[in-house]
Amino acid sequence: MGDEKVKIVDATGSFCPGPLMELIAGLKDAEIGDVLELLSSDKGSAADVPEWVGKVGHEMLGSEERDGVWHIRVRKVK
Amino acid sequence: MAERLSLLCVSGTREKIQMAAMTAATAAVGGTEVLVFLSMNTLGYFVRGDTRKAPAEGEIGELMEEKNVPPFRRLFEQAKDLGGAQLYACSMALDVLGIDEDHLEPFIDGPMGLTRFLSDAAGGRILVF
C-alpha cells in the first residue's frame with residue numbers, strides 16, 4: 001500500500017458536506033482502481049464520508065486522524 | 001427503483017436554504033432521485049447574477065457566514081452535476097418576480113408548475129424548507 005500512487009483531495013477548512021463533495025468530484029475524474037486520500041478537518045465528515053463510500057460501493061481503505069485532520073483513503077471501484 | 005426525495009423550498013433565510021442545499025446534494029450523491037422546487041422567497045437567490053447573502057435567522061446562520069461553509073448555490077449545483085438532481089423554478093414565483101427562465105442560473109432546469117411538481121413527487125417523500 002505504501003508505494004501506491006495516491007491522489008490527495010485537500011478539503012481542510014471546509015464544512016459538511018463540502019469534503020464529501022470534493023471527494024466525489026475527485027472520484028469522478030479518477031480511473032477505476034485509483035486511490036484518493038481526502039483530507040478533512042470536519043469531524044462530521046469523518047463519519048459521513050465512510051458511510052457514503054459504503055453505500056455507493058467504493059472501497060474504504062482507512063481513516064486516521066493526525067493533528068486534527070482526518071486522512072480518509074478510498075479506492076474507486078466502479 | 002431508486003428512492004425519490006422532493007424538496008419544496010420556500011424560505012429566504014440562510015439556515016433553511018443551506019439545509020435544503022445540503023440535503024439535496026447529500027441525498028443525490030447517495031443515489032436518491034432528487035427533485036428540487038424553488039419557490040417563494042428562495043427563488044430570487046437563483047436569478048442569474050444574484051449574489052445576495054440570505055439573512056441569518058439565528059446564531060448558526062451568523063456563524064456559517066464566518067466559517068468556510070460551502071455556499072448553497074454551489075451545493076445545489078453539485079447536487080445536479082455530481083448526483084443528477086433536478087432543479088426547477090416555480091412558474092408562479094417567476095411570474096410574480098417578473099423574470100423569465102432565461103434569467104435563471106444555468107444549473108436550474110427550467111420552470112415548473114405546482115401541479116407537475118406534486119405529480120412528479122407523488123409516492124416519494126417531500127420535505128419543505
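The structure displayed is predicted, hence computed values, not measured ones. All values below were derived from every heavy atom in this structure, side-chain atoms included, with hydrogens, water molecules and symmetry-related copies excluded. Numbers restart at 1 for each chain; the letters A, B, ... are given by sequence-line order, proteins then strands.
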J.: Should A/V69 and A/D67 count as side-chain neighbours, where that means a heavy-atom distance under 4.5 Å?
T.: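 The answer is no; the side chains never approach within 4.5 Å.
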
J.: Could you go step by step and tell me if A/D42 and A/S40 meet the side chain to side chain donor-acceptor pair (under 3.5 Å) rule?
T.: CA-CA 5 Å; A/D42 178 55; A/S40 171; 5.0 Å; no

J.: Under 3.5 Å, is there a donor-acceptor pair between the side chain of A/R75 and the main chain of A/D34?
T.: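 No: the side chain of A/R75 does not pair with the backbone of A/D34.
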
J.: Decide, yes or no, whether a salt bridge links B/R4 with B/E33 under the criterion of side-chain N to carboxylate O below 4.0 Å.
T.: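 Yes, this pair counts.
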
J.: Under a 3.5 Å distance rule, please check whether A/W52 uses its side chain to pair with a backbone N or O of A/I24 as donor and acceptor.
T.: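 Flag not set: sc A/W52 to bb A/I24 has no pair under 3.5 Å.
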
J.: If contact means a heavy atom pair closer than 4.5 Å, which residues of residues 49-88 of chain B contact chain A?
T.: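 Residues in range: B/K67, B/N68, B/V69, B/P70, B/R74, B/L75, B/Q78, B/D81, B/L82.
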
J.: Under the side-chain hydrogen bond (donor to acceptor under 3.5 Å, both in side chains) rule, collect the residues that match up with B/S11, sequence neighbours excluded.
T.: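 Counting only residues at least two positions away or on another chain, B/S11 forms a side-chain hydrogen bond (donor to acceptor under 3.5 Å, both in side chains) with B/T13.
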
